[in-house]
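Worksheet: the structure to be examined is printed underneath.
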Protein chains: 2
Amino acid sequence: MIRVGKLTDYATVILSVMAKDKNRVFAAMEMAAVTGIALPTVSKILKILVNAKVLMSTRGSKGGYTLASEPENITVAAIISALEGPIALTECSISKQACEQASGCGIRANWHLINQTIHNALESVTLADLVRPLAVPEEIYIPVASLYQ
Amino acid sequence: MIRVGKLTDYATVILSVMAKDKNRVFAAMEMAAVTGIALPTVSKILKILVNAKVLMSTRGSKGGYTLASEPENITVAAIISALEGPIALTECSISKQACEQASGCGIRANWHLINQTIHNALESVTLADLVRPLAVPEEIYIPVASLYQ
DNA sequence: CAATTAAGGACTATTTTAGTCCTATTTAAA
DNA sequence: TTTAAATAGGACTAAAATAGTCCTTAATTG
């Protein structure tokens with residue numbers, strides 16, 4: 001299975017709750033209570049999302065977290081890369097060095113294509129789509145040839 | 001990073017070598033020599049690919065492995081799921097049980113959409129594309145709405 | 001100034017993944 | 001019919017990645 005860590009899954013749960021009431025400020029403790037995820041873990045995720053600019057935070061009493069942009073503008077690609085790093089399936093897609101080292105390479109340029117295809121797919125889905133479960137979005141066309149420029 | 005294990009990466013290397021000479025029978029030892037991947041590891045991967053029907057094998061002396069179908073008909077989705085299991089980013093996409101257990105769910109139906117989108121993307125790339133590195137394929141359109149039926 | 005809340009980082013435990021090895025089975029050829 | 005060359009299957013170990021926790025510091029409000 002191509003996988004994404006549990007933390008990323010938790011992040012979508014947390015962000016979905018926040019998106020449903022997008023102007024509120026949520027404290028970490030509150031999110032832990034609502035989602036059932038342990039507080040230290042929720043905190044960790046929230047901090048990561050702030051660093052990735054998906055969330056904004058305010059410290060001090062009455063502080064907490066809010067969405068940094070409209071749910072329509074927060075893509076699944078952004079959420080996943082916040083928690084998992086750059087979207088890429090293999091090392092060599094990230095650094096060419098790693099690629100050159102391995103023998104038998106020359107194929108791997110194509111992982112790049114695969115990664116781009118997936119990245120585009122993930123950019124086409126937003127947090128707004130996630131909280132609007134059964135809505136049918138407009139058709140999205142992904143011209144693969146555009147990846148080869 | 002959304003990731004795929006090293007074994008999957010190795011598998012693409014091995015399969016690419018085989019696709020370039022698609023009617024030959026390759027022994028595991030030969031593949032190890034050509035790719036530089038250790039023999040036990042190569043063997044493990046080849047066995048997995050046979051189980052997934054991506055390769056065919058013949059035992060005994062002069063035995064070895066061959067592609068089970070034309071490179072055009074072996075999709076990247078097939079290769080990845082052979083090594084990683086079903087293509088899905090989260091547990092709950094595979095079993096609904098896992099989904100129901102977690103609190104705060106209801107969002108996760110949408111992971112299903114994301115998984116389908118990725119799966120379609122991976123089905124659109126074949127082994128033939130991998131060995132024809134710089135060719136520009138025809139445009140491929142992925143109508144996301146079709147996933148909602 | 002006290003209470004509340006986030007930031008940052010270090011650390012541990014758990015789980016997954018990679019990699020190896022052993023034994024059994026099949027086939028071809030001498 | 002025996003030997004050599006292959007794959008099949010599974011058990012096991014080691015290494016790496018991930019999840020999860022905790023502690024100390026910093027900021028804000030009343």
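Heavy atoms only: backbone and side chains are in, while hydrogens, waters and symmetry mates are out. Note that the coordinates shown come from a computational prediction; the quantities given were computed from them, not determined experimentally. Residue numbers start from 1 in every chain, and the chains themselves are labelled A, B, ... in the order their sequence lines are given, proteins ahead of strands.
- In this structure, Leu55(B) places its CG atom 11 Å from P of dT7(D), rounding to the nearest Å.
- Note that CD1 of Ile74(A) and CG of Leu67(A) are 4.5 Å apart. Values are rounded to the nearest 0.5 Å.
- Considering only side-chain N and O atoms, Tyr65(A) lies under 4.0 angstrom from the phosphate OP1 or OP2 of dA7(C).
- Under 4.0 angstrom from either OP1 or OP2 of dA18(C) there lies no side-chain N or O belonging to Tyr10(B).
- In this structure, Met56(A) atom CE and dA7(C) atom C1' are separated by 17 Å, rounded to whole Å.
- Distance, Phe26(A) CZ to dT4(C) C1': 18 Å, rounded to whole Å.
- In this structure, the nucleotide among dT20(C), dT21(D), dA6(D) sitting nearest to the side chain of Ala38(A) is dT21(D).
- Counting only heavy atoms from C-beta outward, the side chains of Thr35(A) and Tyr10(A) never approach each other to under 4.5 Å.
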Table please: side-chain donor-acceptor pairs of residues 23-30 of chain A below 3.5 Å, with sequence neighbours left out.
from: Arg24(A); atom 1: NH2; to: Glu30(A); atom 2: OE1; distance (Å): 3.1
from: Arg24(A); atom 1: NH2; to: Glu30(A); atom 2: OE2; distance (Å): 2.1

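- One finds no side-chain N or O of Thr58(A) lying less than 4.0 angstrom from the OP1 or OP2 phosphate oxygen of dT5(C).
- Spacing between atom CE of Met31(B) and atom P of dA6(D) amounts to 14 Å, rounded to whole angstrom units.
- Using a 4.5 Å cut-off on side-chain heavy atoms (C-beta onward), Leu55(B) and Met18(B) make contact.
- One can place CG of Leu83(A) at 12 Å from C1' of dA19(D), the figure rounded to the nearest angstrom.
- Between Lys6(B) and Gly63(B), it is Gly63(B) whose nearest contact on DNA chain D lies nearer the 5' terminus.
- Separating the CE atom of Met29(B) from the C1' atom of dA4(D) is a distance of 13 Å, rounded to the nearest angstrom.
- Between Asn120(A) and Ser124(A) the shortest side-chain heavy-atom distance does not fall below 4.5 Å.
- Counting heavy atoms from C-beta outward, Val34(B) and Ile14(B) have side chains that stay 4.5 Å or more apart.
- Annotation: side chain of Leu7(B) is in contact with side chain of Thr41(B) (closest heavy-atom distance under 4.5 Å).
- Taking only side-chain atoms of Arg59(B), from C-beta outward, the nucleotide of dG19(C), dA8(D), dA6(C) with the closest atom is dA8(D).
- Atom-to-atom, CG of Asp9(A) to C1' of dT18(D) comes out at 14 Å; the value is rounded to the nearest Å.
- An OP1 or OP2 oxygen of dT26(C) is reached within less than 4.0 angstrom by no side-chain nitrogen or oxygen of Ser61(B).
- The stretch residues 43-54 of chain A touches DNA chain D through Lys44(A), each having a heavy atom within less than 4.0 Å of the strand.
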